[in-house]
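Here is the structure we will look at, set down as structure tokens.
Bear in mind that the values here come from a model prediction, so they are computed numbers and not experimental data. Note on naming: letters A, B, ... go to the chains in the order of the sequence lines (proteins, then strands), and numbering restarts at 1 for each one.
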Number of protein chains: 2
Amino acid sequence: MISMSLDRLDLAILTALHEHPRAGVLEISRITQVARATVQARLQRLESTGVVTGYGPDIDLEAAGQHVSAFVTLEIAQGALDQLAPELEAMPTILEAYATTGSADVLCKVAASSHADLQETLIALNRSPSVVRTTSVVVLGTVVAPRVLPLLERSAEQRDARAPAYRTRST
Amino acid sequence: MISMSLDRLDLAILTALHEHPRAGVLEISRITQVARATVQARLQRLESTGVVTGYGPDIDLEAAGQHVSAFVTLEIAQGALDQLAPELEAMPTILEAYATTGSADVLCKVAASSHADLQETLIALNRSPSVVRTTSVVVLGTVVAPRVLPLLERSAEQRDARAPAYRTRST
DNA sequence: GCTCATGCTGATCATTATGACCAGTCCAAT
DNA sequence: ATTGGACTGGTCATAATGATCAGCATGAGC
């Protein structure tokens with residue numbers, strides 16, 4: 001997997017996109033102080049390299065009625081991961097799932113409309129022939145809301161771009 | 001917290017937005033077979049009720065060079081959550097964090113550019129006066145990629161809208 | 001059945017943006 | 001010094017936008 005390095009202009013564009021919902025290319029070029037064609041070229045590159053995978057919409061599940069959130073770990077039968085993946089995909093309450101190191105094999109982020117709904121998910125998981133054991137913790141509150149830009153900012157802050165507004169200490 | 005119920009037209013709009021990146025309102029109205037002003041009104045409502053919180057961009061951190069991902073649990077000192085939150089916010093590698101039930105108090109999703117970078121995060125966490133103990137698991141792979149629409153589809157599928165294309169079994 | 005509030009429609013207006021493309025200049029790597 | 005690629009300001013034909021509106025349809029409540 002080749003990954004690309006983002007520079008300060010990439011970051012400015014991503015930030016502008018995030019902070020100005022549904023802004024078009026011309027508006028982004030105004031905010032970032034580069035030519036419109038430059039924004040187009042940069043977006044094209046961010047999309048074609050897979051850094052930008054889409055444009056939301058970003059959804060708050062709680063506002064949409066899904067008030068319960070939990071993390072569930074699964075110990076699975078030896079070699080059962082290939083079997084389990086489509087099972088998890090077929091459960092709408094599984095928001096995301098990862099194979100991990102540690103005593104459990106899979107960690108899932110789950111959302112549900114109620115505790116009963118969550119319990120149904122757990123029951124379904126326990127019923128799977130691939131799953132040996134589950135543990136779960138319920139989310140009580142959000143300490144840090146989901147974000148990725150601070151991490152990208154950190155790595156991009158040293159990388160100038162050629163556009164005048166993005167050269168070393170020029171602005 | 002009042003939450004709104006989504007109906008089939010809400011879902012069609014959200015889905016169209018997701019599947020047609022940067023599509024404008026007119027295009028969404030074509031895809032969903034309702035009037036443009038209806039899409040505008042629906043989006044306005046989805047945004048003002050907090051269901052839609054933004055429009056990305058959706059970023060693949062791995063493509064952007066952050067190749068390591070982990071989940072970290074924290075046991076914290078009694079009553080130290082208020083103190084910890086700004087500390088976590090200040091660490092760019094903390095993508096999201098939740099207070100949870102269970103033996104640990106906080107669960108964090110972490111990304112980093114390398115295992116050394118991840119270790120630095122863990123060291124910083126252990127150095128915090130609020131943190132008594134940390135455990136971590138490293139993500140080996142993605143089993144289910146992040147998604148929310150299947151869950152919303154499930155709850156919206158019974159709810160017709162008044163637009164002709166969205167009445168009971170009319171289409 | 002009747003009433004009425006609300007959702008949906010197709011339309012208008014003035015303004016602006018879009019995608020695609022281009023020739024020229026600039027800059028950083030070699 | 002050379003050169004490839006990044007960036008610029010610009011063009012073209014086309015289409016979209018936000019805001020608004022009057023009218024119609026529908027479904028909930030009585």
### Query
Cation-pi between A/R8 and A/Y166: NZ/CZ under 6.0 Å from ring centre and within 45° of the ring axis?
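Here A/R8 fails the 6.0 Å and 45° test against A/Y166.
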What is the distance, rounded to the nearest whole Å, between atom [atom1] of [X] and atom [atom2] of [N]?
{"X": "A/R45", "N": "D/dC7", "atom1": "CZ", "atom2": "C1'", "result": "12 Å"}
{"X": "A/R42", "N": "D/dT8", "atom1": "CZ", "atom2": "C1'", "result": "14 Å"}
{"X": "B/I28", "N": "D/dA16", "atom1": "CD1", "atom2": "P", "result": "12 Å"}
{"X": "B/I13", "N": "C/dG7", "atom1": "CD1", "atom2": "P", "result": "13 Å"}
{"X": "A/L9", "N": "D/dA6", "atom1": "CG", "atom2": "P", "result": "12 Å"}
{"X": "A/L26", "N": "D/dA16", "atom1": "CG", "atom2": "C1'", "result": "13 Å"}
{"X": "A/Y166", "N": "C/dA28", "atom1": "OH", "atom2": "P", "result": "16 Å"}
{"X": "A/Q44", "N": "C/dC21", "atom1": "CD", "atom2": "P", "result": "12 Å"}

### Message
For A/E75, I'd like to know if atom CD has over 12 heavy atoms of other residues, nucleotides or ligands within 6.0 Å.
### Response
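Count over threshold, so yes.
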#### Entry: Neighbour count >12 (heavy atoms, 6.0 Å) for atom CZ, A/R147
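Yes, the 6.0 Å shell around CZ holds more than 12 heavy atoms from other groups.
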Mind checking the [atom1]-[atom2] spacing from [X] to [Y]? Nearest 0.5 Å is all I need.
{"X": "B/H67", "Y": "B/L61", "atom1": "NE2", "atom2": "CG", "value": "10.5 Å"}
{"X": "A/Y98", "Y": "B/S69", "atom1": "OH", "atom2": "OG", "value": "6.5 Å"}
{"X": "A/D58", "Y": "A/H18", "atom1": "CG", "atom2": "NE2", "value": "7.0 Å"}
{"X": "B/L74", "Y": "B/N126", "atom1": "CG", "atom2": "CG", "value": "8.5 Å"}

### Side chain of A/A37 - closest among D/dA19, C/dT9, D/dG10
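Shortest atom-to-atom distance from the side chain points to D/dG10.
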### Message
Just to be sure I understand the rule, does B/Q40 reach a base, reach only the sugar-phosphate, or reach nothing, if contact means heavy atoms closer than 4.0 Å?
### Response
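It contacts base atoms.
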### Task
Give B/R30 one of three labels, base, sugar-phosphate or nothing, depending on what nucleic acid heavy atoms sit under 4.0 Å from its own.
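Sugar-phosphate contact only - B/R30 comes under 4.0 Å of backbone atoms but never of a base.
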### Query
Below 3.5 Å, does any donor atom in the side chain of A/R36 face an acceptor in the base of C/dG19, or the other way round?
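It does, because a donor-acceptor pair links the side chain of A/R36 to the base of C/dG19 below 3.5 Å.
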When you compare the protein's N or O atoms with those of nucleotides 23-27 of chain D, which come within less than 3.5 Å of each other, and at what distance?
unit_1, atom_1, unit_2, atom_2, d
D/dA25, N3, B/R162, NH2, 3.4
D/dT26, OP1, B/R167, NH1, 3.0
D/dT26, O2, B/R162, NH1, 3.3
D/dT26, O2, B/R162, NH2, 3.2

